[in-house]
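Below, chains carry the letters A, B, ... as their sequence lines are ordered, and counting in each starts from 1.
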Protein chains: 2
Amino acid sequence: MYTLHDWTIVDDGKDGQAALENGNRLLVGNGYMAKRGTVEEADASSMPTIVLSGVFDKRGDMWREPVNAPDPLFAVLSMDGVPLTLASDKLSAHEQSLDFRYGVYSRKTTWDIKGAALTVSTERFASMDDVHLLCMKYTVSAVDGRLSPNVEIRINADVCDLNGPHLGNFRFEVKGRTRTLICETLEKKIPVAVASEVVESGSSSRLIEGSSYPLDLERANSVELFVFGAVWTGLDAEDPLGSAEKSVSRAKTAGWDCLLAAHKAKWDEIWRVGDVAIKGDDYAQKALHYNLYHLHIAAPRYKRRCGSLSVPARGLSGQTYKGAIFWDTEMFIAPYFLATEPTLAAQFIRYRIETLDGARRKAAEYGFRGAFFAWESQETGDDACTDFNVTDVFTGRPVRTYFRDKQIHISADVAFAVKRYVDATDDLAILKEGGLELILEVARFYLSYIYYSPERKRYEALDVVGPDEYHERVNNNAFTNRMILMVFETALSIVSFFKKRDAGFIEELTAKLDFSQDFSLMQDVIPRFYIPQPNEQGVIEQFDGYFRLEDCSLDAVRSRLKDPKEYWGGGNGVASPTCIIKQADVVTMLALFGNEYPVSVKEANFTFYEPRTEHGSSLSACMYALLACEIGRSDWAYPFFVKNAEIDITGKGKHFAGLVYIGGTHPAASGGAWLTVVHGFCGFSLKNNEIRVTPRLPSHWEEVTFRVALPDGLHEVTVTRDGWSEEII
Amino acid sequence: MYTLHDWTIVDDGKDGQAALENGNRLLVGNGYMAKRGTVEEADASSMPTIVLSGVFDKRGDMWREPVNAPDPLFAVLSMDGVPLTLASDKLSAHEQSLDFRYGVYSRKTTWDIKGAALTVSTERFASMDDVHLLCMKYTVSAVDGRLSPNVEIRINADVCDLNGPHLGNFRFEVKGRTRTLICETLEKKIPVAVASEVVESGSSSRLIEGSSYPLDLERANSVELFVFGAVWTGLDAEDPLGSAEKSVSRAKTAGWDCLLAAHKAKWDEIWRVGDVAIKGDDYAQKALHYNLYHLHIAAPRYKRRCGSLSVPARGLSGQTYKGAIFWDTEMFIAPYFLATEPTLAAQFIRYRIETLDGARRKAAEYGFRGAFFAWESQETGDDACTDFNVTDVFTGRPVRTYFRDKQIHISADVAFAVKRYVDATDDLAILKEGGLELILEVARFYLSYIYYSPERKRYEALDVVGPDEYHERVNNNAFTNRMILMVFETALSIVSFFKKRDAGFIEELTAKLDFSQDFSLMQDVIPRFYIPQPNEQGVIEQFDGYFRLEDCSLDAVRSRLKDPKEYWGGGNGVASPTCIIKQADVVTMLALFGNEYPVSVKEANFTFYEPRTEHGSSLSACMYALLACEIGRSDWAYPFFVKNAEIDITGKGKHFAGLVYIGGTHPAASGGAWLTVVHGFCGFSLKNNEIRVTPRLPSHWEEVTFRVALPDGLHEVTVTRDGWSEEII
């Protein structure tokens, strides 16, 4: 069971689901890679992996997924040739913890050996200072016994994968004290190099043949080993093996204490910019810190040789969701970085600009023009999403889902992030670096997608899936339609802006994209594009015909399940024929376009849709919370904030969709927790580098302090229940 | 096991599936009602029902379905108080048969009683001369024994229903020798009256108290009883009970022999007009006769007080398919009657004209204008089809199907039947009696349904289900689009015709329907309405994206089934993500619009689609057969003819869709068998009362003779392999 302290989370669970959850809960990482919070000797059942950001591989006809690195920190203790594991009947105590201020994982495990207590204590971190570096201190101590255990420390190339193996052509070498491994991915032959070295405290020269280290605890109570591991790939350097060896060599020279100090210094800088202080709610404070930690270990701060990176939907916690970038990044994660580290928010946009060709290919694949971004985007922008994302629990057969081909709002979500970035920062450069081209190509995609109804004399967007994925292939999803109109309006407004300031740029771009006719069509479409309006009760119908569906309770729908792992949506799902929705949909639209609707409409939709929402996605709670704040009901918002902030603490998010494992961390929920506190409770927004605040703190909160990085410096904003102030620090 | 003779079919099956199949196989009827081919004493397991045409009832939230009448011919023999049934261990012989020239059912069953053989032989018919009359001869005989059995003959009001009971308020009475029952349907309180009388041969005065008749076989070897039953409803007469009593009284006066003679005389007249003679293929001849018989017992020749009738998709064989009229009637059944008894074909059209308001209500329900005909049409034209037509075998939950709301071709099918009738007969009166109004309202429905794509600069029909129901919610189904265009073209062409001859009629109708603007739109749409065209291989894509589906074999799809009763289509069906289709779709379009395509295209589509077709509907084989004939391949067509003609002989049609029982007779297949012989093999068509023939008989056929009823008399057409002739007879 986990315990949350000020900057630590501790858990004593050791097997089965607990081990899987701790892998996520106690994750350490640095945006380049992350090592799951599993013990050093863990076997495949707890998925003891090191996920690399932005390195993908596809095996056979299975899903393309991120590549896990061989583990330079693998270590297993044994006595008399018998490995000591958490499953051993000699186990007497076990605890793991994570210092989420500094991203340091610790474990302490004791076995009872012939009446003597033998303990392994370890600490490890993925260096924020040198992102290729994994460092571990491995301490073995004995009380009341003269024991001679043995520890095996090696690079573990027996990598555990969901759809692997992904690596082959392994070459191990021992060069002096350094062990190295070079191998390559199977699909694209990307070299992956790992080096490691083990140093014994106080005895810097001992190297034992093989990887087995006898520990003489008869001489000392305690032996302390340091393991310095480095991971490089061919995407980072021409000679990844040489780079890995150099990293290890430098690490060894610097030593544990220096490395840890440099690592912590980077974290101190991260927190200096990105911390949020909540007075009056210790739990909220701790939980928010924990969530911000998870955002930072997934944020790709380092510059790769080739290609910008973004934040995958499950961070770097594993291979679920194919390590892909979803709309989660643009909608839920980017706002935090936009406020605190705008260069990261810009990198997320650059990642999309660089993958625009993939989006063009996807549009063409479906017979459209322009850019149809991938629902699940990997390094090329081609869609990693398949047509069959769920497995039917009753037949074991794949179920046709429409995430890939019908969830067309993804392109607008990407364009929205560009618009939001530019609106906030006034950074026009990104528009000229491909941002406007992206927006125009997205607009063109929608122009080629929409239809005109001569009957209703309006343009419509048909056959889509909105955020509520349980209802597939609907017409005129309110959220999707509003987002499409936003794209058209944004495109015209930016073009018109540049025409005055830099007409040549627009002329050149229009010619390059052959866009003239599309401008005319867009002007025709805008005033006649259908946006579903509130009915007499103020409620906006989620899509055409939604109000005709069976209106029953969430409990009624749940009671129809025959299997707890059943998928609720799609052709045969229990929710599909009913008004029960997966997640905020109209509510998301109102949260994003709040200035267009009166509070009464916001309230009507909140109260209508909330009881009909399963919140089966981590993207749901945040939008409800934001809308509640807009209505002035922080008390409604607070439980959603807690739900969002707790998801990776409790580990109780959904672990299965159908029979497919979908566990991992939830950076969108973490971003959502920050959004709720800063945009929701503090009423913060940023427009042309100007901070606006409308305080609406929960009644038991005294004060919130957060920082915003603006061109003139770092602004500290302090919000109380009835006022706010800012200063440059 | 059944045996098919020249004009008889004999079967010895008695329980389970066999009894259910014989109920259909040995059905007698007269278009007003039909009694299933079950033994007189049958219990509910073999569905021993008398289905009434055009009388419907809905109980609770179950499907609305046709009403079964109480059975005046119920009879059970017993010895020493023990009923003798087919399940008795004393049963020694049993056989049932149907004379399908005259619609006479017979059974002969022998029980071994104390060493003596006790036999019941019965004959029964539903009179073609007086459609309210059911007549039975019930003979009991004994060999080698002096037995005194007892027979109970009564009106059985313990009616077996799928979704019943539908009758209540029962009042039984005995008036002299006549037993009567009046009751009423539960929903609409329609009175249903039954009367019956039992007469003993040679002893016209014996009436026993109660309904139990002791039979003195010690005196005679054989006792012969006659039962005359009559059924009337409040839809037929003001005083149905009085009418039923009068029917019985008249029947008793006439006696069995006279009644049978009058009944046979009507059948002789039916065959005089409607028979088809095949020389050189005895089996085809017998099978075709059997199919024509089934068409005739379902054809509503009598005139009801209120409302025209049509032929339900399962004839009068039971309550499956809700006793509703489907497109089966217009597409597959009407052509036979159009050629032989055009007043019946006109009645089918009148039925649609009279239910036009129901179609208008359905269109309005979905937000459209005009007439959206019911997928399953009962007496009002409101749709009896629900949103959930299939039960999932794995969860027992209803599955959302889209027959009702997306199979929009139904309206065009109805309009097509009007056009075909008028083209063949030159009977313009029906257009003025509502036929043109129907066509315009159907055109208007499609005008309000379609969309314009600014991208592709064309009108399209989106989100439909074509004849192949396994693929739901598709765009631009070739068949549907061509049918819609046919509606627009037909509407304009008829209007333009009348403008020259009867401009006032058009002005009046245009004003009444407020149709002027729709005429303009229709003119704009016609040249820009999208009709999928053959690709380089000559194959027409069934719908947008069909060619992207998994192209695997029928066997591969079948092998994925986990349960033999699984539904192949819909969200989770095995066929849905593949190219495997339920039934002829593009092929149906080519069969109907053959003059627009060269033989090469017909052949390309036949050979492409045939191996990909499950033929899971009785509507499939006929269209393949017709197209094969058009290609000049009667040898390809012949197996489809046999498949179609055999479906009710073998009884091996589909009995379940999901968990829903769908067994019964297949009048569309029977109509399809005639279509294949006369339209297919003989190449017959009728245009402005002029007969055209293009012989393409199967190589082993010598000659086909059929008749066509034209205004100048009955034409007999004789077709040989290389010529044809006609004469008025």
Find the one option among B:L462, B:V399, B:L521 whose heavy-atom pairs under 4.5 Å with chain A are most numerous. B:L462
Answer key: most heavy-atom pairs under 4.5 Å with chain A among B:R400, B:R369, B:R473 is B:R473
Counting heavy-atom pairs closer than 4.5 Å to chain A, which one of B:G367, B:S448, B:P398, B:G571 comes out on top? B:S448
At a 4.5 Å cut-off on heavy atoms, which part of B:D544 comes close to chain A: side chain, backbone, both, or neither? neither
What part of B:Y449 is in contact with chain A, defined as an atom under 4.5 angstrom from a non-hydrogen atom: side chain, backbone, both or neither? neither
If you measure from CG on A:D392 to CZ on B:F394, what distance do you get to the nearest 0.5 Å? 7.5 Å
Pairwise side-chain contact, B:P577 with A:F388, heavy-atom cut-off 4.5 Å (strictly under): yes
Could you check whether any side-chain heavy atom of B:E365 comes within less than 4.5 Å of a side-chain heavy atom of A:R548, counting everything from C-beta outward? yes
Relative to chain A, which segment of B:D463 carries a heavy atom at a distance below 4.5 Å: side chain, backbone, both, or neither? side chain
Do you know the tightest heavy-atom contact between B:P454 and A:Y451? CD-CA, 4.2 Å
Kindly indicate whether the side chain of A:D563, heavy atoms from C-beta on, has any atom under 4.5 Å from the side chain of B:T395. no
Interface check, chain A: of B:S453, B:S576, B:G570, B:G396, most non-hydrogen pairs under 4.5 Å belong to B:S453
Ranking B:R397, B:K562, B:R456, B:E472 by heavy-atom pairs under 4.5 Å to chain A gives rank one to B:R397
When the 4.5 angstrom heavy-atom criterion is applied to A:D524 and chain B, the contacting part is neither
